[in-house]
Amino acid sequence: MGISSHGSSILVFFFLFSMLVSKGFSLFDPTTVQVQNDIVGDQVVLKIHCKSLDDDLGEHVLNFGEEWHWQFRVGFGTTYFSCDYKWYHNKDQRYYEGSHEVYKASFSGFKAKYYVICHSKCVWSARSDGLYLYRRDKGLWERRYVWDP
């Protein structure tokens, strides 16, 4: 007697859930996303506007060395945040900008890639050549996006 596709989906879910719990992850623990302005230059100001599928977190202005963060709980379904960035390069006398995903987890097919990469705290660093994510799984900064001129 075989297992139906619905039954096998439930088994896969419980297997993955038990793996996460054994590694100290809980759906009820908060996740933090942090964005910091590490753009070296003459007082470069970074403007960011972040939002999820349900929430608009508003616009924030970060001077060099400042950071802004928010917390949320990953729920069933999809948790998704993206941010729009804009900053003016004083030496080049032009704007740089971009719009990028900063967090995504989908428990419908269990695609929690940011949990694997940065666990419960994702730290993004805006630099003059792009946006970097700190890879806690590898212990290094990885450039994920470049700015649109």
Side-chain angles (χ1 to χ4, degrees), residues 9-10 12-149:
S9 296
I10 291 172
V12 169
F13 173 78
F14 281 113
F15 173 74
L16 292 172
F17 183 75
S18 66
M19 284 180 48
L20 289 174
V21 170
S22 72
K23 296 188 181 292
F25 175 74
S26 168
L27 292 174
F28 307 108
D29 290 339
T31 297
T32 301
V33 172
Q34 175 180 311
V35 179
Q36 55 197 44
N37 180 355
D38 294 324
I39 303 170
V40 177
D42 298 325
Q43 300 178 352
V44 173
V45 174
L46 175 67
K47 293 180 181 180
I48 61 173
H49 185 184
C50 301
K51 55 191 168 248
S52 72
L53 298 172
D54 301 316
D55 299 308
D56 187 328
L57 304 177
E59 186 174 285
H60 298 270
V61 177
L62 303 177
N63 293 310
F64 175 75
E66 292 182 334
E67 60 92 6
W68 176 70
H69 67 273
W70 68 96
Q71 288 188 325
F72 55 93
R73 296 190 189 281
V74 175
F76 291 101
T78 299
T79 301
Y80 178 83
F81 284 94
S82 66
C83 296
D84 299 327
Y85 303 88
K86 188 172 187 177
W87 61 280
Y88 184 76
H89 195 290
N90 296 319
K91 290 182 182 177
D92 290 350
Q93 296 186 346
R94 63 185 227 178
Y95 281 98
Y96 289 86
E97 56 192 329
S99 182
H100 306 293
E101 170 187 286
V102 294
Y103 192 87
K104 183 177 181 180
S106 174
F107 284 98
S108 59
F110 198 77
K111 298 175 186 169
K113 71 178 179 180
Y114 285 104
Y115 176 74
V116 173
I117 293 171
C118 52
H119 304 289
S120 62
K121 184 173 185 180
C122 293
V123 180
W124 292 89
S125 172
R127 302 179 186 180
S128 59
D129 64 339
L131 193 62
Y132 288 74
L133 174 64
Y134 184 70
R135 298 279 312 245
R136 292 188 189 282
D137 62 333
K138 295 182 178 182
L140 56 85
W141 289 98
E142 178 181 85
R143 186 169 69 176
R144 306 284 290 212
Y145 307 109
V146 295
W147 303 115
D148 297 330

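We're numbering straight along the sequence, starting at 1.
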Listed partners of Tyr95 passing ring pair (Phe, Tyr, Trp, His ring centres under 6.0 Å), at least two apart: Tyr88

Using a strict 4.0 Å threshold on nitrogen-to-oxygen distance, state whether Arg127 and Asp129 make a salt bridge.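 Here Arg127 does not pair with Asp129 in a salt bridge, since their nearest N and O are not under 4.0 Å apart.
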
If you look at every heavy atom in [X] and [Y], which pair is closest and at what distance?
| X | Y | value |
| --- | --- | --- |
| Asn37 | Ile39 | OD1-N, 3.0 Å |
| Trp70 | Cys83 | CH2-SG, 3.9 Å |
| Gln36 | Val123 | OE1-CG1, 3.6 Å |
| Ser120 | Pro30 | CB-O, 3.8 Å |
| His49 | Asp56 | NE2-OD1, 2.7 Å |
| Val102 | Val33 | CG2-CG1, 4.1 Å |

Would you mind reporting whether Lys51 and Leu57 have side-chain heavy atoms less than 4.5 Å apart? no

Report yes if the side chains of Ser128 and Val40 come closer than 4.5 Å at any heavy-atom pair, otherwise no.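 SC-SC contact between Ser128 and Val40 ruled out.
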
side-chain contact (heavy atoms from CB on, under 4.5 Å), that's the test. Do Lys121 and His69 meet it? Break it down for me. CA-CA 10 Å; Lys121 184 173 185 180; His69 67 273; over 6 Å; no

Nearest-0.5 Å distance that lies between atom [atom1] in [X] and atom [atom2] in [Y]:
| X | Y | atom1 | atom2 | value |
| --- | --- | --- | --- | --- |
| Phe64 | Asp38 | CZ | CG | 6.0 Å |
| Thr31 | Gln71 | OG1 | CD | 8.5 Å |
| Glu67 | Ile48 | CD | CD1 | 9.5 Å |
| Glu97 | Asp84 | CD | CG | 9.0 Å |
| His60 | Leu46 | NE2 | CG | 11.5 Å |

Taking atom CD as the centre, does Glu142 end up with more than 12 heavy-atom neighbours from other residues, nucleotides or ligands that are less than 6.0 angstrom away? yes

Output yes when a side-chain donor or acceptor of Arg144 lies under 3.5 Å from a complementary backbone atom of Glu101, and no otherwise.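 No, the answer is negative, given that no donor and acceptor are paired below the 3.5 Å cut-off.
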
Relative to each other, are the rings of Phe72 and Tyr103 parallel, tilted or perpendicular (30° and 60° limits)? perpendicular

Criterion ring pair (Phe, Tyr, Trp, His ring centres under 6.0 Å) against Tyr96, the qualifying member of Trp147, Trp87, Tyr85: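 Single pass found, and it is Trp87.
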
